[in-house]
Amino acid sequence: MSIFRNKIILVSSAIGTLIGGTVLLKDRMQGASFEKNVRADGKVVIITGANTGIGKETAHALARRGAHVYMACRDMVKCEEARKDIVLDTRNPQVYCRECDLASMQSIRQFVKQFKAEQQRLDILINNAGVMRCPRTLTKEGIELQLGVNHMGHFLLTHLLLDTLKLSAPSRIVVVSSLAHTRGQIALDDLNSVKAYDEAKAYEQSKLANVLFTRELARRLEGTGVTVNALHPGIVDTELMRHMGIFNSWFSGLFVRPFVWPFLKSPLYGAQTTLYAALDPDLEKVSGQYFSDCAPKEVAEQAKDDRVAKWLWAVSEKWTGTLTGTAAVS
């Protein structure tokens, strides 16, 4: 009996050591934190996809710093639940839920119309929402969903808000991209993935589009007092991975996820570079850059292609209807 008891103690000790080591490893993998005590009192902020994951943590942190936060979300039930949590914890009542479905240009335009009726300024726009590796689906306008939400929807939203951002200068636009942009290619002959669809390639294309958009917009905004920067938040444990089989199957839950989990950032740490790009005083005049772990990083060579950036801009104007003169950028 004593031998059996000793074995149980040894196994329990080994399990405890393994768990402790795993937790320690995860702590070390969380990356940099934005630790500057920068207030955002009275600043008006829009965050897309703010009801969950990185977006919610970003909204929470900015509300705690005194900002007026507009949570632009598709799901109003989840948005309201998140808003209540944030208000209860921060005691900041200036947190608002507003419907904005980035897969519908009509919804985006309606959101902007309502926002402008309520606010005369916009200090920070955070293009955070996204979808990842989903089955081929189309937006209301027939655009492949990953390109449509991650790039085109934010392209339109940003354009419609640029006049307000300019009037509020110095102001900032923050674009949440991904390290996946380094594997991306803009399919000049099949941008909408009509001829062929690969969920990973479509995601990588949309994230490359984020960086190309950021760099081209920064060029067009020179001298306006409005800056725009892109970032990689890290590999973060959020709902964004829900379409990836490796993370949502029964098998992975038992045998894969426990090994991957230590290397995933929590949403709290995933939001740190967004906060850095949105708030750090040292970045007030920095534009067209790309950050990771609260520091500048080089982008992939294909993200520096100005010819492709201009081509994508022209196509984006056409597909979003901003080519007709409603855009706030020439």
Classify the ring geometry of Tyr70 against Tyr96: parallel below 30°, tilted from 30° to 60°, perpendicular beyond 60°. tilted
Please state whether the rings of Phe291 and Tyr276 are parallel, tilted or perpendicular, taking 30° and 60° as the class boundaries. perpendicular
Any side-chain donor near an acceptor of the partner, Thr158 and Asn127, under 3.5 Å: yes
Just checking, is any N or O donor in the side chain of His154 or Thr48 under 3.5 Å from an acceptor N or O on the other one? yes
Please check if the number of heavy atoms outside Lys297 that lie under 6.0 Å from its NZ is greater than 12. yes
Inspect the surroundings of NZ in Lys310 and state if more than 12 heavy atoms from other residues, nucleotides or ligands are less than 6.0 Å away. yes
Does [Y] offer a backbone N or O that forms a donor-acceptor pair with the side chain of [X] under 3.5 Å?
{"X": "Asp293", "Y": "Ala295", "answer": "no"}
{"X": "Asn210", "Y": "Asn150", "answer": "yes"}
{"X": "Ser104", "Y": "Ser107", "answer": "yes"}
{"X": "Asp101", "Y": "Arg74", "answer": "no"}

Salt bridge check: are Glu298 and Lys304 linked by an N-O gap of less than 4.0 Å? yes
Are Asp306 and Arg219 within salt-bridge range, i.e. N to O under 4.0 Å? no
Are [X] and [Y] packed together at the side-chain level, in the sense that at least one heavy-atom pair is separated by less than 4.5 angstrom?
{"X": "Thr320", "Y": "His159", "value": "no"}
{"X": "Asn92", "Y": "Arg64", "value": "no"}
{"X": "Leu160", "Y": "Phe111", "value": "no"}

Name all pairs fulfilling the ring-ring contact (aromatic ring centres under 6.0 Å, His included) condition that reach into residues 126-149, sequence neighbours left out, sorted by first residue then second. none
side-chain contact (heavy atoms from CB on, under 4.5 Å) with Pro233: of Thr273, Ile54, Leu179, only one passes, and it is Ile54
Aromatic centroids of His181 and Tyr290 separated by under 6.0 Å: yes
